[in-house]
There are 2 protein chains.
Amino acid sequence: MAAQRDAGDGFTTDTAAPGVTPVEASVVRERARAIPEAAVARLAVYLRVLSDLSRDGVTKISSEELSVATGVNSAKLRKDLSYIGSYGTRGVGYDVDVLVGQIERTLGLTRQHSVAVVGIGNLGHALANYGGFPGRGFPVAALFDVDPDLMGVPVGGMPVHHVNDIRRVCAELEVTIGVIATPAQGAQNVCDSLVQGGVRCILNFAPVVLQVPDYVEVRKVDLAVELQILSFHVARRADQEQDAAFSSAHAAPQPGVASVPGVVIPR
Amino acid sequence: MAAQRDAGDGFTTDTAAPGVTPVEASVVRERARAIPEAAVARLAVYLRVLSDLSRDGVTKISSEELSVATGVNSAKLRKDLSYIGSYGTRGVGYDVDVLVGQIERTLGLTRQHSVAVVGIGNLGHALANYGGFPGRGFPVAALFDVDPDLMGVPVGGMPVHHVNDIRRVCAELEVTIGVIATPAQGAQNVCDSLVQGGVRCILNFAPVVLQVPDYVEVRKVDLAVELQILSFHVARRADQEQDAAFSSAHAAPQPGVASVPGVVIPR
DNA sequence: AACTGTGAAGCGTTTCACAGCT
DNA sequence: AGCTGTGAAACGCTTCACAGTT
């Protein structure tokens, strides 16, 4: 079974092959990015905020300021940035453009990644038109669907291919990232075709657990799961309010306090 | 600053009130969900798989079998299930329907949650039509957009309201979960309106860090971030292949091995 | 004086391994 | 014999706190 991770879990990046002693493993890891997975996700967030700041003409920023802008605690933020190198100036802060460049380099955004989107429903349309990625990008190189009526119809300025051609087209265009936005049923077949076409990274929106070889990386985004997690928090909150016999006052919605950081409601 | 979590971080569930001795805490914790956040996310995954199995007539399942179906290691899986109670039978396994029921109860899916979707672009359309949530659901109760041309036009069988009416309509319909699928610019205002309308849980697709009061829970799904994380892994992999001077053989796509669990490609 | 960079402590999650039940 | 449920160890991530630099 291969590495497969939902949005939202800590996990092992599984670097060392089985049979390697722990002592040697750290040596084998020579240049391998020793950046915690959790930090990688946040670097992407910093990048977006920093790109915006750069566009607005901001040139210097402290970890505290960036902390406010990103919602990430400043100690964590500094540690995250330290993983990619020492690009700050003590007593001053970070140079915004330097940071943008270094994060882009770390995330591998200096090379172009061709993206294929499979499943041109509403979600696929949304993805196909998602041109506005922050700083540089992920050109969508190919679109696929099963529906013959869609063939040739340009979506976001691109023709739609049939899913049967996934392998050939992906290989030709050297697609590096595949996005699966199909219904659950077709997802595994699509996944297989993408892998056969040379795709090694997949973003999966279909509510299925994809089976892939070990060398393929899958990330999953599951809307139902996200809603259910929120549901859990609604329920937990309701329980707490019952337990603590707070008579009334905060059961009713409280108007006028939104968006003011620091407003604390009694619990 | 309030609780706000990307898909992908651990954090504190913050159960016991301060000033309670550890011994009493477990008593106080009576009903309070002491379930690790990471486990909650996985429970939602188990639920989907189990619902499918139930529909297929499967009545019993072992942790090992469920492990294969969900891609979650069986020890972790058993521990996760133990958080919601002891519903397995030693020597036998779990009753599928019992598990479905207990997970639904734990996730708070026995109550209905009204969902409001704001921003009826491609993504909003996709969400509005996302009726097919696994086992029961999240009825979408209201749609909102800024575009006057959309007002009254039914989307997924529902009329679209103007964003100016978010507060009123959400309060009237007792919306518990708000989904923000607008462009970045409008998102914070929309968020404020939702909170004023009594919404306490928000799923945010807009690429901004929302500012909310402490009592509001935000989850964020950021497509660009997901792609960038994948990009990082592409880059890391490329580095590794350079490092380890593997001459050739596995640089070219390898056909015909997809979807077979257990197939291991030499690295 | 201000702010970064980082060891070390703290904490939550995962994994191990086995006792306990059927 | 088989499988669950769970303490305890291992691991990774976060937070603390401060030495180091400008």
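Residue numbers start from 1 in every chain, and the chains themselves are labelled A, B, ... in the order their sequence lines are given, proteins ahead of strands.
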Rounded to whole angstrom units, what separation is found between the [atom1] atom of [X] and the [atom2] atom of [N]?
{"X": "A:Leu81", "N": "C:dG5", "atom1": "CG", "atom2": "C1'", "answer": "10 Å"}
{"X": "B:Ile35", "N": "D:dG5", "atom1": "CD1", "atom2": "P", "answer": "14 Å"}
{"X": "A:Glu37", "N": "D:dC11", "atom1": "CD", "atom2": "P", "answer": "19 Å"}
{"X": "A:Leu77", "N": "D:dT15", "atom1": "CG", "atom2": "P", "answer": "12 Å"}
{"X": "A:Tyr46", "N": "C:dT4", "atom1": "OH", "atom2": "C1'", "answer": "14 Å"}
{"X": "A:Tyr94", "N": "C:dG5", "atom1": "OH", "atom2": "C1'", "answer": "7 Å"}
{"X": "A:Asp95", "N": "C:dC3", "atom1": "CG", "atom2": "C1'", "answer": "15 Å"}

* To do: Please check if any side-chain donor atom of B:His113 sits under 3.5 Å from a side-chain acceptor atom of A:Gln228, or the reverse.
  => no
* Verify whether one side chain among B:Ser74 and B:Glu64 offers a donor that lies under 3.5 Å from an acceptor in the other. => yes
Under the side chain to side chain donor-acceptor pair (under 3.5 Å) test, which residues partner [X], sequence neighbours left out?
{"X": "B:Thr70", "result": "none"}
{"X": "B:Thr182", "result": "none"}
{"X": "A:Arg90", "result": "none"}

* Using a cut-off of less than 4.0 Å, is there contact between a side-chain N or O of B:Asn73 and OP1 or OP2 of C:dT15? -> yes
* In residues 57-66 of chain A, which ones come under 4.0 Å of DNA chain C, going by heavy atoms? -> A:Ser62, A:Ser63
Is there any protein nitrogen or oxygen under 3.5 Å from a nitrogen or oxygen in nucleotides 18-20 of chain D, and what are the pairs?
from, atom 1, to, atom 2, distance (Å)
D:dG20, N3, A:Arg90, NH1, 3.1

If you check the [X] side chain, which of [options] turns out closest?
{"X": "A:Tyr83", "options": "D:dT14, C:dG5, C:dT13", "result": "D:dT14"}
{"X": "A:Lys76", "options": "D:dT22, D:dT15, C:dT14", "result": "D:dT15"}
{"X": "A:Arg42", "options": "C:dG5, D:dT14, C:dT14", "result": "D:dT14"}
{"X": "B:Lys79", "options": "C:dT4, D:dC13, C:dT14", "result": "C:dT14"}
{"X": "B:Thr89", "options": "D:dT22, C:dT22, D:dC13", "result": "C:dT22"}

* Asked: Which pair of heavy atoms, one from A:Thr106 and one from B:Phe232, lies closest together, and at what distance?
  -> O-CD1, 3.3 Å
* All pairs passing side-chain hydrogen bond (donor to acceptor under 3.5 Å, both in side chains) where residues 92-103 of chain B contributes a residue, at least two apart -> B:Ser54-B:Asp97, B:Tyr87-B:Gln102, B:Gln102-B:Arg105
* Heavy atoms, side chains only, cut-off 4.5 Å: are A:Ile84 and A:Ile103 in contact? -> yes
* Which is it for A:Ile202 and A:Ile177 under the side chain to side chain contact (heavy atoms under 4.5 Å, CB included) test, yes or no, and what are the steps along the way? -> CA-CA 6 Å; A:Ile202 291 175; A:Ile177 298 179; over 6 Å; no
* Which comes earlier along DNA chain D counting from the 5' end, the contact point of B:Gly85 or that of A:Ala75, where each point is its nearest nucleotide? -> B:Gly85
